[in-house]
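To keep things clear, I will list the structure first and then write my remarks on it.
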Amino acid sequence: MTDHPESSAAAAAGSAELKPRLLVIDDDQVHRTIICKIAVRAGFEPVEAGTLDEVVELTTYNDFEGVTLDLSLGEQAGTEVLRHFADRDFRAPIIILSGAKSEIARKAHDFGESLDLTMLEAVSKPVDLTELREQLSIIARTWRIMHHAA
């Protein structure tokens, strides 16, 4: 097999552009759009999901390096997503985004930890964009360090 210089250059360029993937779970399109923009600025390739069914489909065929999870998904609760992640032995860090009282977000966070999921500090809605970007940047930097060490 002959190695073509242009394919090697393309492969090198592709690896330089490799980004961690963030699963953005929220039933509100406007919120997903805002979170995706923050994710891009933090160095992620965001992937959107608005329902539990979409989450199940996306996590069946894809790996993610982080998740933002709105606790309210219309008819379903974000805790159902946490159960799904536990069933799949999901290991990526999860940031809960919630407009609910902080006690509810804390209970969901504790529930995720009880399922042995990697739960990060919850972010209340309306989202503090700086706080969210900082948390996502830490995940992205950690992923880049781990990815380059492998």
Side-chain angles (χ1 to χ4, degrees), residues 11-150:
S15 65
E17 295 176 15
L18 191 61
K19 294 180 180 181
R21 291 168 37 108
L22 179 75
L23 182 56
V24 177
I25 307 168
D26 197 311
D27 64 335
D28 185 298
Q29 178 62 54
V30 172
H31 289 151
R32 283 197 315 266
T33 300
I34 292 167
I35 295 164
C36 286
K37 287 180 181 181
I38 296 300
V40 168
R41 289 185 188 128
F44 279 94
E45 174 190 334
V47 176
E48 300 179 35
T51 65
L52 176 59
D53 290 340
E54 290 175 356
V55 170
V56 169
E57 182 178 341
L58 287 166
T59 56
T60 299
Y61 301 105
N62 300 282
D63 291 324
F64 295 93
E65 287 68 46
V67 172
T68 62
L69 170 61
D70 179 27
L71 285 181
S72 175
L73 293 176
E75 297 291 316
Q76 298 163 318
T79 52
E80 293 303 314
V81 173
L82 295 175
R83 282 190 182 96
H84 166 72
F85 286 159
D87 290 345
R88 294 198 44 80
D89 199 29
F90 192 83
R91 293 290 153 224
I94 301 165
I95 301 170
I96 290 176
L97 305 177
S98 176
K101 294 180 181 178
S102 61
E103 180 181 333
I104 293 171
R106 184 184 51 75
K107 285 182 179 181
H109 177 276
D110 293 347
F111 176 66
E113 284 186 336
S114 76
L115 295 173
D116 201 28
L117 297 171
T118 306
M119 304 300 296
L120 300 182
E121 190 69 32
V123 175
S124 61
K125 283 184 172 180
V127 174
D128 179 333
L129 301 180
T130 302
E131 179 185 356
L132 180 59
R133 187 172 47 246
E134 287 173 3
Q135 284 197 36
L136 292 176
S137 293
I138 291 168
I139 297 169
R141 277 194 305 271
T142 302
W143 176 84
R144 281 192 286 280
I145 291 167
M146 298 300 289
H147 184 74
H148 291 298

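Atom set for the values below is all heavy atoms of this structure, side chains included, hydrogens, waters and symmetry mates excluded.
In terms of heavy atoms, F85 sits closest to V55 at CE2-CG1, 3.9 Å. For A42 against L136, the heavy-atom pair with the smallest separation is CB-CB, 3.6 Å. Closest non-hydrogen pair, R32 versus V24, comes out as CD-O, 3.9 Å. Smallest separation of non-hydrogen atoms from K19 and E45: CB-N, 4.1 Å. Pairing each heavy atom of G43 with each of P20, the nearest pair is O-CD, 3.3 Å. Between T60 and R88 the shortest heavy-atom distance is CA-NH2, 3.8 Å.
Proximity of L120 to I139: side-chain heavy atoms (C-beta onward) are separated by under 4.5 Å at one or more points. Side-chain contact between V123 and T68: absent, with no pair of heavy atoms (C-beta onward) separated by less than 4.5 Å. Here the side chains of M119 and L82 are in contact, with some heavy-atom distance below 4.5 Å.
For D128, the CG atom counts as densely surrounded, since its 6.0 Å shell holds more than 12 non-hydrogen atoms of other residues, nucleotides or ligands. Atom CD of E131 has more than 12 heavy atoms from other residues, nucleotides or ligands within 6.0 Å.
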#### Entry: Derivation and outcome, salt bridge (charged side-chain N to carboxylate O under 4.0 Å, His left out), residues R21 and E65
CA-CA 5 Å; R21 291 168 37 108; E65 287 68 46; 5.4 Å; no
### Task
Could you please spell out the steps behind the side-chain hydrogen bond (donor to acceptor under 3.5 Å, both in side chains) verdict for T33 and Q29?
CA-CA 6 Å; T33 300; Q29 178 62 54; 3.0 Å; yes
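The distance from the OG atom of S72 to the CG atom of L97 is 12.0 Å, given to the nearest 0.5 Å. Between F90 atom CZ and F64 atom CZ the span is 7.5 Å, to the nearest 0.5 Å.
In this structure, the salt bridge (Lys or Arg N to Asp or Glu O under 4.0 Å) partners of D110, at least two apart in sequence or on a different chain, are R106. In terms of the salt bridge (Lys or Arg N to Asp or Glu O under 4.0 Å) criterion, R133 has no residue partners (sequence neighbours excluded).
Salt bridge absent: D28 and K125 never bring a charged side-chain N and a carboxylate O closer than 4.0 Å.
Considering L22, D27, L23 in turn, L23 is the only one that fulfils the side-chain contact (heavy atoms from CB on, under 4.5 Å) rule with I25.
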